[in-house]
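Structure record follows, encoded as structure tokens.
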Amino acid sequence: MTSLDAGVIGTRIPEHSVEVERGRLAFFARATGQDDPIYTDRSAAEQAGHRDIPVPPTFLFCLDMERPNPSTLYADLGIDIRTILHGEQEFTYLKTAYAGDTLLFSTSVTDCYAKKAGALQFLVRTTEVTREGQPIATLRSTTVIRDPRA
């Protein structure tokens, strides 16, 4: 198992951009039980004061996974993806994103630490989401890497 150290902090993942598609927003809203029509009907969204269908909560995480190779960071750090677990994620919303927006995702490793004498390592990534250079949200994700020998 690869042992992470503080040297990985600051490692950047190549930026990627994604256009938010109206149909995918509606699908996600239905799949997550979001029954507010502002997430599926543009007219309802506009009547509620939005310029288009707003991005539902947590959907930015889905868009972040659309990078060309979402596991590049793990491969670059020598981490076997069979040993990773989702630890936690956190969203800080600054502005609303909408259907039709093109969002830029910029990600870096912001922390790493170990517990249980190194049997569990934690890799923290922070992703800044922007639209035309303006901050939209910050996504924070913690991945747990388990030592298969422990």
Side-chain angles (χ1 to χ4, degrees), residues 1-2 4-114 120-146:
M1 176 173 152
T2 300
L4 300 176
D5 63 39
V8 302
I9 296 173
T11 299
R12 298 198 59 77
I13 299 171
E15 293 181 337
H16 76 286
S17 62
V18 179
E19 183 176 340
V20 181
E21 299 173 9
R22 203 173 277 108
R24 289 197 54 219
L25 291 177
F27 178 81
F28 183 84
R30 284 190 301 275
T32 57
Q34 189 63 258
D35 58 4
D36 187 334
I38 68 165
Y39 295 112
T40 55
D41 181 329
R42 186 174 184 176
S43 295
E46 289 172 344
Q47 287 177 337
H50 297 284
R51 65 175 166 80
D52 207 316
I53 295 174
V55 170
T58 73
F59 187 70
L60 292 175
F61 184 73
C62 297
L63 293 176
D64 188 34
M65 294 301 292
E66 289 193 12
R67 65 183 68 255
N69 185 351
S71 61
T72 297
L73 175 66
Y74 303 121
D76 290 349
L77 296 177
I79 298 169
D80 182 341
I81 62 169
R82 295 174 297 179
T83 65
I84 65 173
L85 303 166
H86 175 72
E88 68 178 3
Q89 63 192 75
E90 174 184 311
F91 301 86
T92 303
Y93 299 100
L94 307 168
K95 294 184 180 176
T96 303
Y98 294 99
D101 287 352
T102 298
L103 303 176
L104 179 67
F105 292 77
S106 303
T107 303
S108 63
V109 175
T110 52
D111 198 6
C112 71
Y113 53 93
L120 297 175
Q121 296 182 74
F122 297 79
L123 183 69
V124 181
R125 296 172 317 185
T126 301
T127 301
E128 302 297 334
V129 182
T130 58
R131 175 183 56 222
E132 297 177 356
Q134 297 300 309
I136 297 296
T138 301
L139 316 178
R140 186 173 173 267
S141 176
T142 302
T143 301
V144 181
I145 304 128
R146 62 176 178 76

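Sequence neighbours left out, the pairs with a member in residues 30-43 that pass salt bridge (Lys or Arg N to Asp or Glu O under 4.0 Å) are R42-E46, R42-D52. Legend: ring pair (Phe, Tyr, Trp, His ring centres under 6.0 Å) pairs involving residues 52-90, not counting sequence neighbours, sorted by first then second residue: F28-F59.
Distance check: L104 CG to E132 CD gives 11.5 Å after rounding to the nearest 0.5 Å. Interatomic distance, Y93 OH to I136 CD1, rounded to the nearest 0.5 Å: 12.0 Å. With values rounded to the nearest 0.5 angstrom, Q121 atom CD is found 13.0 Å from I84 atom CD1. If you take OG on S17 and CD on E66, they are separated by 10.5 Å, rounding to the nearest 0.5 Å. To the nearest 0.5 angstrom, I145 atom CD1 is 14.5 Å from R82 atom CZ. In this structure, the separation between CZ on R125 and CD on Q89 is 9.5 Å, given to the nearest 0.5 Å.
When side chains are defined from C-beta on, T142 counts as touching V124, because their heavy atoms get closer than 4.5 Å. Contact check for D111 versus F122: no side-chain heavy atoms found under the 4.5 Å cut-off. Taking 4.5 Å as the limit, some side-chain heavy atom of L123 sits within range of a side-chain heavy atom of L77.
When all heavy atoms are compared, the tightest approach of P54 to L25 is O-CD1, 4.1 Å. Closest of all the heavy-atom pairs between R140 and E88 is NH1-OE2, 3.4 Å. Annotation for L94 and P135: closest pair CD1-CB, 3.6 Å, computed over non-hydrogen atoms. What you find for A44 and I38 is that their closest heavy atoms are O-CG2, 3.7 Å. A pairwise comparison of heavy atoms in A137 and L60 identifies CB-CD1, 3.6 Å as the closest pair. Scanning both residues, V20 and V55, for their nearest heavy atoms gives CG1-CG2, 3.9 Å.
A salt bridge links D101 and R51; the closest N-O separation between the charged side-chain nitrogens and carboxylate oxygens is under 4.0 Å.
The environment of CZ in F27 is sparse: at most 12 heavy-atom neighbours from other residues, nucleotides or ligands sit within 6.0 Å.
With hydrogens and angles left out, the side-chain atoms of T107 and R67 include a donor and acceptor closer than 3.5 Å.
With T127 as reference, D64 is the one residue of T110, D64, L63 to meet the side-chain contact (heavy atoms from CB on, under 4.5 Å) rule.
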What side-chain donor-acceptor pairs closer than 3.5 Å can you find for residues 7-15, not counting sequence neighbours?
from	atom 1	to	atom 2	distance (Å)
T11	OG1	V8	O	2.6
E15	OE2	S106	OG	2.7

